[in-house]
Amino acid sequence: MNVRVRFAPSPTGFMHVGNARTALFNYLFARHNNGTFVLRIEDTDVERHSEEAVNVIYEALKWMGIEWDEGPDVGGPYGPYRQSERLSIYKEFIEKLKEKGLVYECYCTPEELDAMRKEQLERGEPPRYTGKCRHLTEEEKEKLRAEGRKPVLRFKVPEDEVIVFEDLVKGRIEINSRQLGGDFVIVRSNGMPVYNFVVVIDDALMKITHVIRGEDHISNTPKQILLYRALGFEVPQFAHLPMILGQDRSKLSKRHGSTSVKEFKEKGYLPEAFTNFLALLGWYPKDGKEVLSMEELIERFDIKDVNSAPAVFDTTKLNWLNQVYIRSYPIDKLTDLIIPYLEKAGFDLSSFSRDWLERVVEVTREYFTVLSDAPVYMETFLKDDFQVQPEAKEFISEDLKRLEVIKAFKEKLSGFEGGLSQESFKKLVKEVGKEVGVKGKNLFMPIRIGLTGKMSGPELPVLAELLGKERVLKRLENSLNQLEG
RNA sequence: GUCCCCGUCGUCUAGCCCGGCCUAGGACACCGGCCUUUCACGCCGGCGACGCGGGUUCGAAUCCCGCCGGGGACGCCA
């Protein structure tokens, strides 16, 4: 059997991490089984959808490294892949259901239904549609139409039937048709078919073999199975992924902080780290290897290994993964990604060569967890007119010799001929130590402060070499001005 | 309210289906130490969980029942 799965988001304007994880699992499942991954846009709700919102989906998927085999932009044999363009197809199947007498018109207004639901809830009953309009006569319908009412189409739900399906992650699930909330709407009064209906048509026509989606769809599944049967379609396999929870264990939503893929991208998470992290949310490889590339994920992924318990979205592990990826990323690519953050932080990079920048990235990369941290750590290399930090000032003031070290080093360096390499730097420092009569922290810390204004930072020889003699002198001058003032 | 799903370290999880190898394993985080002229990295070590109560059994994280807790769904949203 040729495996076909789909990711079917509605264009809401942002890609939620839960959706991203659903897309990922579908993708991994498809690739692992040499199957096809279909992207379908669910935009039947005309009230809210825009071209821009569709692009958000494309961009998020592309960033994550998820490629679709069929979709609105790339086409495919079962298109169109946007529900808004499939209306005529849906009409056809609506007619079929009408012919079979499996649907009927309902003239209840939203207000009436709302009131009904409220009453039922107050009485402690589960809210459900009573089937009020199921047996309306032609005259009654005529009368209601005369009132200006527009009907919806409802699907007749069988009275007492147990609907069973074998969920690939949850196991066997049984629901009695009585629990479905009564006859449900499949076409709105404006003629637009509803999700539960179109999803069945689309999945069937697109020959989807496995429906992998969020757990919140479990309660829709029996309704959909009823429709598959009514239409004579083969029912696909279902796999319902556990929810992603916020810190408070409720369904992850905007109030929990960053929840859109774009936000993670902008903070400077690498797509590889993000994807890797998402994969580990509800799934775990048999061999326990946690740092995995897309290829390795595909190789190991098995829908049966997906955990049935929900997972809390905690970014600590994502941070760790991001560090891991930053340290092993190609320096060229990493530099490309970091430059925008530097520019945004206000650094003028025009005086630095690309090669030099890459070397700075190389020696600072292990310090940051997200790319947006880069300017903080790279500043030491980029900015010569820094402020000497208070604690550094205090350190220098504690012992006169410390200031002397900086002065002596400046003297020494001025008189030094030739390029400043790590070796020559070390040699000069050593000489200064001897002359002033200090060693260890009393020697190195003043030099560090003289060069950076800070008490911590990258390895001094490396810094000195990258800066070069002129810039080091400039910095020493700058520091001394502040320390002697 | 009704139905459905879920319940192992703080977090992600392994183990559960096929009871003993589990004095419950790993990863992240946290704490301590080592390394280091600083910070970080790295290395070593530590802390830390089977929701509760009953059964079944020689033996239960694993099987059964009940309870409790959490979540989700009950739309002319998807």
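Every chain is numbered from 1, with letters handed out A, B, ... down the list of sequences.
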Has A:Arg365 got a side-chain N or O lying under 4.0 Å from the OP1 or OP2 atom of B:C41? no

Please report, rounded to the nearest Å, how far the P atom of B:G72 is from the CD1 atom of A:Ile173. 17 Å

Distance check needed: B:G75 P versus A:Asp114 CG, whole Å only. 10 Å

5' priority, RNA chain B, between A:Ser219 and A:Asp305 [closest heavy atom]: A:Asp305

By nearest heavy atom, map A:Glu174 and A:Pro127 onto RNA chain B; which one lands nearer the 5' end? A:Pro127

Quickly work out the A:Trp320 CH2 to B:G26 P distance and round it to whole Å. 15 Å

How close or far is atom P of B:C74 from atom CG of A:Leu121, stated in whole angstroms? 13 Å

Distance below 4.0 Å between A:Asn196 side-chain N/O and B:C76 OP1 or OP2: no

Considering only heavy atoms and no angle criterion, is a donor-acceptor pair shorter than 3.5 Å present between the side chain of A:Gln120 and the base of B:G1? no

Please state whether the phosphate of B:U13, meaning OP1 or OP2, lies under 4.0 angstrom from any side-chain nitrogen or oxygen of A:Lys317. no

Rounded to the nearest angstrom, tell me the gap between atom CE in A:Met243 and atom C1' in B:U11. 19 Å

Looking at B:U37, I'd like to know if its phosphate oxygens (OP1 or OP2) sit under 4.0 Å from a side-chain N or O belonging to A:Arg448. no

